[in-house]
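Data block below; observations after.
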Amino acid sequence: MNHPLRCRCGTLKGYVSHPERVSRGVCYCKDCQAFAHFLGKTGDILDEMGGTDVIATLPKYLTFTQGFEALACMSLTEKGMLRWYARCCNTPIGNTPGDFRFSFVGLVHTCLEDPSRTLESSFGPVRMRVNTRNAKGRPKSMPISTVASVLRFSISLVHARLDGSYKRTPFFAPDRGTPVISPKVLTSSERDRVMNAV
Ligand SMILES: [Zn+2]
Ligand SMILES: [Zn+2]
């Protein structure tokens, strides 16, 4: 069953297919925290230790159905991850590598919240916690199942690259591989402001 995706104000909508094929993790890195500060939505995005709950999947499983014109893209640095969000209400959507051949999107939980179901029921429990050294506290360590989960997901990435299905993505033009919206790269002073807020 598809899991709905929606920005907070409801302008941008879509869905995630194959929710059973994702890997779910929490990232505590400074860049993810800085992105939450950039959006001015730390309370909606970050947990009490500064973690972002992320659903990692293949971009081909993501479909936007309305409000695509609200999609915006930023990057903290010239070669950084592309961070996609809905500019109508600053809801984060997800993070992708700049090179679309790395077929990956880490969807931010904020756009996946739904009154009729929990993240757990669609995507399963958090299976990995990464960049914990940047956490504000000590996150629980993860059981060995983490390794299996990461491995399974990495195999699907390689597969998407080999079979060419990385070209099915809402974020990049399939022929040239350029982002559908040119990313706003922060200036050094803008970056300092959000990094210092972390
Ligand atoms: Zn919105
Ligand atoms: Zn991160």
Inset, instruction - Would you sort out whether Thr91 and Lys41 count as a side chain to side chain contact (heavy atoms under 4.5 Å, CB included), showing the intermediate values? - result: CA-CA 8 Å; Thr91 300; Lys41 299 283 176 188; over 6 Å; no
Least distance between heavy atoms, [X] atom then [Y] atom:
{"X": "Asn90", "Y": "Leu39", "value": "ND2-O, 3.1 Å"}
{"X": "Ser75", "Y": "Met81", "value": "OG-O, 3.1 Å"}
{"X": "Pro4", "Y": "Asp114", "value": "CG-OD1, 3.3 Å"}
{"X": "Pro59", "Y": "Pro170", "value": "O-CD, 3.5 Å"}
{"X": "Met128", "Y": "Ser23", "value": "CE-CB, 3.6 Å"}
{"X": "Asp31", "Y": "Arg83", "value": "CB-NH2, 3.4 Å"}

How far does [atom1] of [X] sit from [atom2] of [Y], to the nearest 0.5 angstrom?
{"X": "Asn95", "Y": "Phe104", "atom1": "CG", "atom2": "CZ", "result": "7.0 Å"}
{"X": "Cys88", "Y": "Glu69", "atom1": "SG", "atom2": "CD", "result": "8.5 Å"}
{"X": "Lys136", "Y": "Glu48", "atom1": "NZ", "atom2": "CD", "result": "12.0 Å"}
{"X": "Cys29", "Y": "Arg133", "atom1": "SG", "atom2": "CZ", "result": "8.5 Å"}
{"X": "Asn131", "Y": "Cys27", "atom1": "CG", "atom2": "SG", "result": "4.5 Å"}

Polar side-chain atom of [X] near backbone of [Y] as donor-acceptor pair, under 3.5 Å:
{"X": "Thr132", "Y": "Ala135", "result": "no"}
{"X": "Thr65", "Y": "Lys13", "result": "yes"}
{"X": "Gln66", "Y": "Thr11", "result": "yes"}
{"X": "His109", "Y": "Ile45", "result": "yes"}

Legend entry - Pairs touching residues 168-181 that satisfy side chain to side chain donor-acceptor pair (under 3.5 Å), sequence neighbours left out: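 Found none.
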Residues clustered with [X], ILVMFWY side-chain links under 4.5 angstrom:
{"X": "Leu82", "value": "Leu5, Leu12, Val16, Val22, Ile55, Leu62, Phe64, Phe68, Leu71, Trp84, Ile93, Phe100, Val105, Leu107, Leu112, Leu119, Phe123, Tyr166, Phe171, Phe172, Val180, Ile181"}
{"X": "Met195", "value": "none"}
{"X": "Val130", "value": "none"}

Inset, instruction - State, yes or no, whether a side-chain contact exists between Lys184 and Glu190 at a heavy-atom distance under 4.5 Å. - result: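 In short, these two side chains touch, coming nearer than 4.5 Å.
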Inset, instruction - Check whether any side-chain heavy atom of Thr110 lies under 4.5 Å from a side-chain heavy atom of Arg8, and answer yes or no. - result: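 Result yes, sub-4.5 Å side-chain heavy-atom pair found.
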Inset, instruction - Quick one: list whatever passes ring pair (Phe, Tyr, Trp, His ring centres under 6.0 Å) with Phe38, sequence neighbours left out. - result: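 Result, ring pair (Phe, Tyr, Trp, His ring centres under 6.0 Å) vs Phe38: Tyr85.
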Inset, instruction - Using side-chain hydrogen bond (donor to acceptor under 3.5 Å, both in side chains) as the criterion, list what pairs up with Asp47, not counting sequence neighbours. - result: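 Listed in chain order: nothing, the list is empty.
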Inset, instruction - Evaluate whether atom NZ of Lys30 has more than 12 neighbouring non-hydrogen atoms of other residues, nucleotides or ligands under 6.0 angstrom away. - result: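 No, the 6.0 Å shell around NZ holds no more than 12 heavy atoms from other groups.
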Legend entry - Exceeds 12 heavy-atom contacts within 6.0 angstrom, atom CD of Glu120: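 Atom CD in Glu120 is packed in, count exceeds 12.
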Inset, instruction - Decide whether His37 and Gln33 meet the rule of one side-chain donor and one side-chain acceptor closer than 3.5 Å. - result: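 Result is no, nothing qualifies.
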Legend entry - Derivation and outcome, side chain to side chain contact (heavy atoms under 4.5 Å, CB included), residues Arg117 and Met1: CA-CA 12 Å; Arg117 69 203 96 185; Met1 199 167 70; 3.3 Å; yes
Inset, instruction - Determine, using the 4.5 Å side-chain heavy-atom cutoff (strictly less than), whether Val54 and Met74 are members of one ILVMFWY cluster. - result: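 In one cluster: no.
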Legend entry - Criterion side chain to side chain contact (heavy atoms under 4.5 Å, CB included) on Thr57 and Arg21, from CA distance to verdict: CA-CA 7 Å; Thr57 188; Arg21 295 194 191 165; 5.7 Å; no
